[in-house]
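These notes are about the structure you will find just below.
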Amino acid sequence: MYGTRRIFLGGLCLLLLLQVAVGLDNGLALKPPMGWMSWERFRCITDCKLYPDECISENLFRRHADLLVSEGYADVGYEYVIIDDCWLEKDRDNRTQKLVPDRKRFPNGLNTLADHIHDKGLKFGLYQDFGTNTCAGYPGVIKHMQLDAQTFADWDVDYVKLDGCYANLTDMVEGYPEFGRLLNETGRPMVYSCSWPAYQEDAGEIPDYESLKKHCNLWRNWDDIEDSLESLMQIIDYFGKNQDRIQPHGGPGHWNDPDMLLLGNYGLSYDQSKLQMAIWAIMAAPLIMSNDLAAVRPEIKAILQNRAVIAVDQDELGIQGRRILTRNLIEVWQRPITPVTKSGQHSYAVAFVSRRDDGAPYRIPFTVKDLGLNNPNGYQVQDLYANRKLGVYQTDAQFFTRVNPNGVTFYKFTAL
Ligand code: GLA
């Protein structure tokens, strides 16, 4: 009896050890995460007297959890409510060394907020930093990794964004996997978003994608997005230019992250908003909004809630798309998606991005073959933003599209 129990316990330990040894295997983020995060829009606004509806506070996150549901975002898949930087007291608790949420702005602690978010059917995300400090100067995790991972679990966190300010690049190579392991060891499933490759790219180093895939559910590849077309296009160009080394590594459970959606803020026009949403869907990017959900105009909300576009982003194959050609300043981006025919032919999402600003919409023909689509039986084509069926196209057929300046057209080619 004793012996059997010993063997059983021994086996259990081995299993646990094995689980730890293979790294992140948390079964999470099988589709690109969708949700809302504070940073791009609300930055580090901490003065709640002057800006009661905008400061990083319990109120902001409660309000956005409520709005995600009442405005219909939760229905189409937006799920995570993520606190970014500036939620902490400047010092840890003297006695326990635990992190302390700002006492004035989060007067009830984070469990009460987590409960509210969970009661709404949503999930709770939290920002921290691998280094000595967060980018905005609050305490980071580096000297308290185990304590902080456990504290996150105790606060019922479902998603952790771990930034990389105030840290050595060399420490990150082992430190990020280590923090992921500590999160796993708490037994609470938490999506793990790593910023480590963005810091490596900044320093001219090539990230180790195999390690990232093993240890992180998603990772920020590059610079922070800002509220302008210029910033958006720089990010799109970075992913286009470097796609050979980036694209193959995105997939279920491990995604490249080009950063937050700007839609609903100040910088992007209607056409530019469609452009970001379409290219994020092509890139299988996390769809994390950062806006004031009470102030999003109806036509922008319709883009954010476009089910056909979201379905491309969330396609179950999880294959990231690519920029395949540019002609007359019109870029063609293409992503293989479902349904796949019995003979193995993929369907495709195809976006035409105009880099033109010469005034009128620009009309341009491509053969279906030009788009990299070679199914001998052709494709049923649907305009995803106009929600219109365009009929059947064979591979030799000419396909015309007309794209607004700095805009996009977006189609689904369903293989027949
Ligand atoms: C870095 C990150 C941003 C944001 C800020 C917060 O710049 O890349 O996404 O989290 O820090 O300070």
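Residue numbers count from 1 along this sequence. Each ligand, and each atom within it, is numbered from 1 in the order the structure gives.
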> Under 3.5 Å between some N or O of ligand 1 and some N or O of Asp84?
Replying inline: yes

> When only distance counts, is Arg220 in polar contact with ligand 1, meaning an N/O pair under 3.5 Å?
Replying inline: yes

> For the ring pair Trp280 and Trp255, is the centre-to-centre distance below 6.0 Å?
Replying inline: no

> Near Asp85, which atoms of ligand 1 are under 4.0 Å from a heavy atom of that residue?
Replying inline: 6 (C), 12 (O)

> For ligand 1, which atoms, with element, lie under 4.0 Å from some heavy atom of Cys135?
Replying inline: 1 (C), 11 (O), 12 (O)

> ligand 1 versus Asp259, non-hydrogen atoms closer than 4.0 Å: side chain, backbone, both, neither?
Replying inline: neither

Write out the residue and atom name of the closest protein heavy atom to [atom], then the distance separating them to 0.1 Å.
{"atom": "atom 3 (C) of ligand 1", "value": "Asp224 OD2, 3.5 Å"}
{"atom": "atom 2 (C) of ligand 1", "value": "Asp163 OD2, 3.2 Å"}
{"atom": "atom 9 (O) of ligand 1", "value": "Lys161 NZ, 2.8 Å"}
{"atom": "atom 5 (C) of ligand 1", "value": "Trp39 CE2, 3.6 Å"}

Work out whether the distance between some heavy atom of [X] and some atom of ligand 1 is less than 4.0 Å.
{"X": "Glu40", "value": "no"}
{"X": "Arg43", "value": "no"}
{"X": "Thr134", "value": "no"}

What I want to find out is whether [X] reaches [Y] closely enough, with some N-O distance under 4.0 Å, to be called a salt bridge.
{"X": "Glu201", "Y": "Arg245", "value": "yes"}
{"X": "Arg181", "Y": "Glu185", "value": "yes"}
{"X": "Arg327", "Y": "Asp370", "value": "yes"}
{"X": "Lys98", "Y": "Asp148", "value": "no"}
{"X": "Arg356", "Y": "Asp358", "value": "yes"}

>> I need the single residue from Ile236, Leu232, Val408 that forms a side chain to side chain contact (heavy atoms under 4.5 Å, CB included) with Gln276. Which is it?
In response: Leu232

>> Evaluate Phe366 against Phe399 for ring pair (Phe, Tyr, Trp, His ring centres under 6.0 Å), listing each step before the verdict.
In response: CA-CA 5 Å; Phe366 293 90; Phe399 182 81; 8.3 Å; no

